[in-house]
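For the single chain, residues carry numbers from 1 onward in sequence order. What's counted below: heavy atoms across the whole structure, side chains too, no hydrogens, waters or symmetry copies. Only a predicted model underlies this, so the values are computations on that prediction, with no experimental measurement involved.
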Amino acid sequence: MYNKVCAGGSVSGEERSILSFRIGICLEETGHKWETSGTTVTFVVIDGWTVTVASVGDSRCILDTQGGVVSLLTVDHRLEENEEERERVTASGGEVGRLNVFGGSEVGPLRCWPGGLCLSRSIGDTDVGEYIVPVPHVKQVKLSNAGGRLIIASDGIWDALSSEMAAQSCRGLPAELAAKLVVKEALRSRGLKDDTTCLVVDIIPSERPVLPPTPRKKQNMLTSLIFGKKSQNGSKTNKLSAVGVVEELFEEGSAMLAERLGKDIPLDANSGIFRCAVCQVDQPQSEGLSVNSGPFFSPSSKPWEGPFLCAVCRRKKDAMEGKRMSTPTVAL
C-alpha cells in the first residue's frame, strides 16, 4: 500500500518526451536478455499524487477514484481491437490476418505476419519481424488529495473482467486482499486460460487506511471528459482540476520516436558541438547522427528526421522501432 504524500513538481513537455524515450530504452534493453521470447510490460511511477504509466502490449492499468469513476491509463496493443496499430503495421509493410487452417478457413484473433503475434507492441519477440515494436504508450495524471486505487493486471484478468467489474469487485477492501479477490473473480468467470496476475496499489492520505466503497450510481460523461486526448489548450485541464477528481498532464502513444522528440537540434554555433536529445551529452556532429543522416541501418530504415542523437542513442532508437542493423554481405 502506498501511503506517502509529497509535493509534485512541474515537468516540461520536452522533459516528458525524453522521459518516455528513456523508459522505452529501459524496456528494450530488458528484452535483450531472453533471446527471442517476449512479454508485455506495464510500468508505473508514483510521485505523490502524480502517476505516470508506460505500457507495451495488453497488460492493463486502471484508476478507480473515490468518485466511482474508473479510468484506463493504458492502451491495449491488440491488433484485433486497435485499428490505429493495424494501420501502422500494414503501412510499414507488415501483414495483418487470422490464422489459416486446412480448408482455407480463418480462426482466432488478428495477427501480425511474419511471426503470428496478436500484439503490435511487445518487449523482445525478436523473431517476429520489425513491425512489432517496444515503444511504450505513456500517460501521466495527477490525482486529487482524495487519492485513488490502481489495479494493474495481466491479460488473463481483462479477458474475463471489464475495467468496471474489476474495480467494483474489490472496493472497500485492503489492497492485498483486493488483488486476490480480483484474481478469484477472473478465475470464477473464465477459468485459468492465460496468465492471471494482479497488483493493487492504493494512493491515499496517510490517515486513511483504505479507500471506502463507492455507492453504485448511473454512468455519467465525466469518464470520457477526463481521459480524452490531451487538449490543444489548457481549458479542459483547468476545468478538471477545479472539479478535484483527476487531471491529465500528458499522453503520448506514437510508435514513431521522431514525433515524440521533435526536430530541434541543440547546437553551439561557435564550436560546432551538438547535444544528444536523449542523454544530453555534447559531442561533435561527426561522432553522432543528426537530421537525414546516412543509411547506418538497413535500407528499409527511413532517414532520421528527429533531433541530433549520439551513435549509442541512435542504435537504441532504431532497435526500439524494430529496425535491424544491416549485416555486410560477403561474396564467395
Measure the spacing between [atom1] of [X] and [atom2] of [Y] and express it to the nearest 0.5 Å.
X      : Y      : atom1 : atom2 : value
Thr39  : Ile123 : OG1   : CD1   : 8.0 Å
Leu73  : Ile62  : CG    : CD1   : 8.5 Å
Ser55  : Arg60  : OG    : CZ    : 10.5 Å
Leu119 : Ile132 : CG    : CD1   : 7.5 Å
Asp282 : Cys310 : CG    : SG    : 11.0 Å

Consider only side-chain N and O atoms of Ser59 and Thr42, and report whether a donor and an acceptor are under 3.5 Å apart.
no
Please give me the minimum heavy-atom distance between Gly148 and Ile204, naming the atom from each residue.
O-CG2, 4.4 Å
Check: Ser154 side chain, Asp195 main-chain N or O, donor-acceptor pair, under 3.5 Å
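The answer is yes, because a donor-acceptor pair under 3.5 Å joins these two groups.
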Does the side-chain contact (heavy atoms from CB on, under 4.5 Å) test come out yes or no for Phe250 and Val138, once each step is laid out?
CA-CA 8 Å; Phe250 174 79; Val138 179; 4.0 Å; yes
Do Cys61 and Lys139 come close enough that some side-chain heavy atom pair is under 4.5 Å?
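Cys61 does not reach Lys139 side chain to side chain.
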Answer yes or no: is there a side-chain heavy-atom contact under 4.5 Å between Leu150 and Val51?
yes
Output all residues satisfying salt bridge (charged side-chain N to carboxylate O under 4.0 Å, His left out) with Glu80, sequence neighbours left out; order by chain, then residue number.
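Checked Glu80 against salt bridge (charged side-chain N to carboxylate O under 4.0 Å, His left out); matches are Arg98.
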